[in-house]
Amino acid sequence: MRSAAVAVIGAGVMGASVAWHLAARGRRDVVVLDRAGTPGMGSTGRATGGFRAQYGTPINVRLSLLARDRLLRFREETGVDPGYVPAGYLWLATTPAELAALGAARAIQQAEGLREAVEVSPAEIAELNPAVRLDGVVGGAFCPSDGFIRPLAIIEGYLAAAARSGARVECGVEVTGMRRERDGRITAVETSRGPLAVGAVVNAAGPWAAGVAAMAGVALPVTPLRRQVAVTAPSDLLPAGMPMTIWVGDGFHLRVRDGRVLLLWPTPGVPGRPFEASVDPAWMDAVAAMAHARVPGLRRVPIDRDACAAGLYEMSPDKHAILGAAPRCPNQYLINGSSGHGVMHAPALGQLLAEIMCDGRASSLEVSGLDPGRFERGAANPVPELL
Ligand SMILES: Cc1cc2nc3c(=O)[nH]c(=O)nc-3n(C[C@H](O)[C@H](O)[C@H](O)COP(=O)(O)OP(=O)(O)OC[C@H]3O[C@@H](n4cnc5c(N)ncnc54)[C@H](O)[C@@H]3O)c2cc1C
């Protein structure tokens, strides 16, 4: 039987980050398996590439600040530019309650060291994004060090650097089952290319992570949630450096990427079909109407219906990542449930999981709030009000 010290299941941004961090720690014999033909074909390839530290809980702010440090060193460490552009995230409130929620989150952000996050008045919003119609906007929040990253470049950098340190990446290999000892430890993974004896498994299977965990009898509370993205025809109507602009009330947001405008508006998934990832034509019409009302200039730019796409968020019950050894399966390490923040947090989470696997505990951050056992202990995090 073939063997590996560590089998990482999933060549998305999480699997790539863990593989590199393990390799950088000197772990040899790491293999990354993905059923798709190339890395990044899951959620990571659908991500729009936002990066922010403006969160509403201390652990999420800390993860972003650690990730930002790592992104600033990414090219030096991997040889690839992660595309970090600090264009800012601009949040718009249309009620005093929304403005208060932004203020409460900002107090947490400031306490964690994100001093550049500030409140902005309608006049300041007009300067930061002159394209936005300000009717009903009572104020907002802005952080200039938030911005954009390139999801596929991050995968490419991590996997290439991991391979140079001896990791193997095997695409077109599906994990179909797991063999276990009586004590719950995994001894081998069954794959479409035959069994692989393993010392440990990293479950980095994104929205499909619950199914992978279940192969070893682990009940992992990660569920898929469809996110649709409308894309305009190429246009220079809005500047490339425009901040990500988000309405707090309904989560509608837009950004410019590669000369097109991306429009997003979160909606529930398709009832009874949790893995459905097609784009609903009625949704495209609705999001275009929202865009026209809020950014009137966009009325002149058509939606490119063929370029619109959808993907799956990997939701956890408290919208926070799940990180560490699985309950009652001590050599299945979980790096799941980032709930739509996974690309930006992957540089931090991969480092932290490598610390847990190599040293028995994370040292870069206190991560008890991400512990996989928190749900059954009734110790979930408060669900953040912001996206
Ligand atoms: C529309 C959209 C926009 C987003 N925007 C952002 C954003 O702006 N910023 C941000 O940080 N995040 C964003 N996200 C979230 C982000 O994409 C995810 O949090 C992140 O990509 C999760 O990475 P992952 O590696 O865990 O999962 P994935 O990228 O899905 O990787 C999991 C991999 O596991 C493989 N796999 C699954 N099961 C098996 C199996 N049995 N055997 C072998 N391989 C298997 C899959 O093929 C897949 O490649 C967005 C997501 C969507 C859908």
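Note that ligands are numbered from 1 as they come in the structure, with each ligand's atoms numbered from 1 the same way. Keep in mind that the numbers below use all heavy atoms, side chains included, and drop hydrogens, waters and symmetry copies.
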Answer yes if the side chains of T187 and R180 hold a donor-acceptor pair under 3.5 Å, and no otherwise. no
Looking only at distance, does V175 have an N or O less than 3.5 Å from an N or O of ligand 1? yes
What protein heavy atom lies closest to atom 47 (O) of ligand 1? Include the residue and the distance to one decimal. D34 OD1, 2.7 Å
Sidechain N-carboxylate O distance under 4.0 Å for E170, R35: no
For atom 50 (C) of ligand 1, the protein heavy atom that lies nearest, with its residue and separation: Y313 CE1, 3.5 Å
Proximal atoms of ligand 1 relative to V173 (non-hydrogen, under 4.0 Å): 43 (C)
Measuring from atom 16 (C) of ligand 1, which candidate in V8, V13, V343 has the nearest non-hydrogen atom? V343
Which residue from R35, M14, R226 reaches closest to atom 39 (C) of ligand 1 through any of its heavy atoms? R35
Is R294 salt-bridged to D135, going by a charged N under 4.0 Å from an acidic O? no
Pairing of E181 and R185 as salt bridge, 4.0 angstrom limit: no
Side chain or backbone, does E314 bring an N or O within less than 3.5 Å of an N or O on ligand 1? yes
For ligand 1, is there an N or O atom under 3.5 Å from any N or O atom of S43? yes
Is R75 paired with E77 through a side-chain N to carboxylate O contact shorter than 4.0 Å? no
Here the atoms of ligand 1 under 4.0 Å from any heavy atom belonging to G311 are 53 (C)
Using a 3.5 Å cut-off on N or O atoms only, is L312 in polar contact with ligand 1? no
Atoms in ligand 1 flagged as close to G42, the criterion being non-hydrogen separation under 4.0 Å: 29 (O), 30 (O), 49 (O)
So for ligand 1, is G340 a polar contact partner (N or O within less than 3.5 Å, distance only)? yes
If you count the atoms of ligand 1 from 1 in the order shown, which ones are under 4.0 Å from a heavy atom of V229? 1 (C)
Between T245 and H253, do the side chains contain a donor N or O and an acceptor N or O under 3.5 Å apart? no
Could you say whether the N/O atoms of I335 and ligand 1 ever approach to under 3.5 Å? no
Is P39 touching ligand 1 with its side chain, its backbone, both, or neither, if touching means heavy atoms under 4.0 Å apart? neither
Before signing off on this row, confirm whether S338 and ligand 1 have an N or O atom pair separated by under 3.5 Å. no
Should you measure from each heavy atom of G12, which atoms of ligand 1 turn up under 4.0 Å away? 25 (O), 29 (O), 31 (O)
Report the distance from atom CZ of F252 to atom CG of L264, rounding to the nearest 0.5 Å. 8.5 Å
Using a 4.0 Å cutoff against the non-hydrogen atoms of R46, which atoms of ligand 1 qualify? 1 (C), 2 (C), 3 (C)
Quick one: which ligand 1 atoms are inside 4.0 Å of a heavy atom on P207? 30 (O)
Which class fits the ring pair F148 and Y89: parallel under 30°, tilted 30 to 60°, perpendicular over 60°? tilted
If you scan protein heavy atoms around atom 4 (C) of ligand 1, the nearest is A47 CA, 3.4 Å
Scan side-chain atoms only and decide if Q351 and S364 contain a donor-acceptor pair under the 3.5 Å cut-off. yes
Any carboxylate oxygen within less than 4.0 angstrom of a Lys/Arg side-chain nitrogen, looking at E355 and R361? no
Quick check: G10 and ligand 1, any N/O pair under 3.5 Å apart? no
Can you tell whether the side chains of R150 and D81 come within less than 4.0 Å, N to carboxylate O? no
Please list the nearest protein heavy atom to atom 9 (N) of ligand 1 with its residue and the distance rounded to 0.1 Å. G50 O, 3.0 Å
Between T48 and ligand 1, does any nitrogen or oxygen pair lie at a separation below 3.5 Å? yes
Can we say R260 and D236 salt-bridge, meaning some charged N sits less than 4.0 Å from an Asp/Glu carboxylate O? no
Check each atom of ligand 1 against the heavy atoms of M344 and keep those under 4.0 Å away; list them by number with element. 9 (N), 10 (C), 11 (O)
Is the closest N or O pair between R227 and ligand 1 shorter than 3.5 Å? no
Do NZ/NE/NH1/NH2 and the carboxylate oxygens of R106 and E119 come within less than 4.0 Å? yes
State plainly whether the residues E116 and R68 are in salt-bridge range, i.e. N to O under 4.0 Å. yes
For H320 and T57, does a side-chain donor sit closer than 3.5 Å to a side-chain acceptor? yes
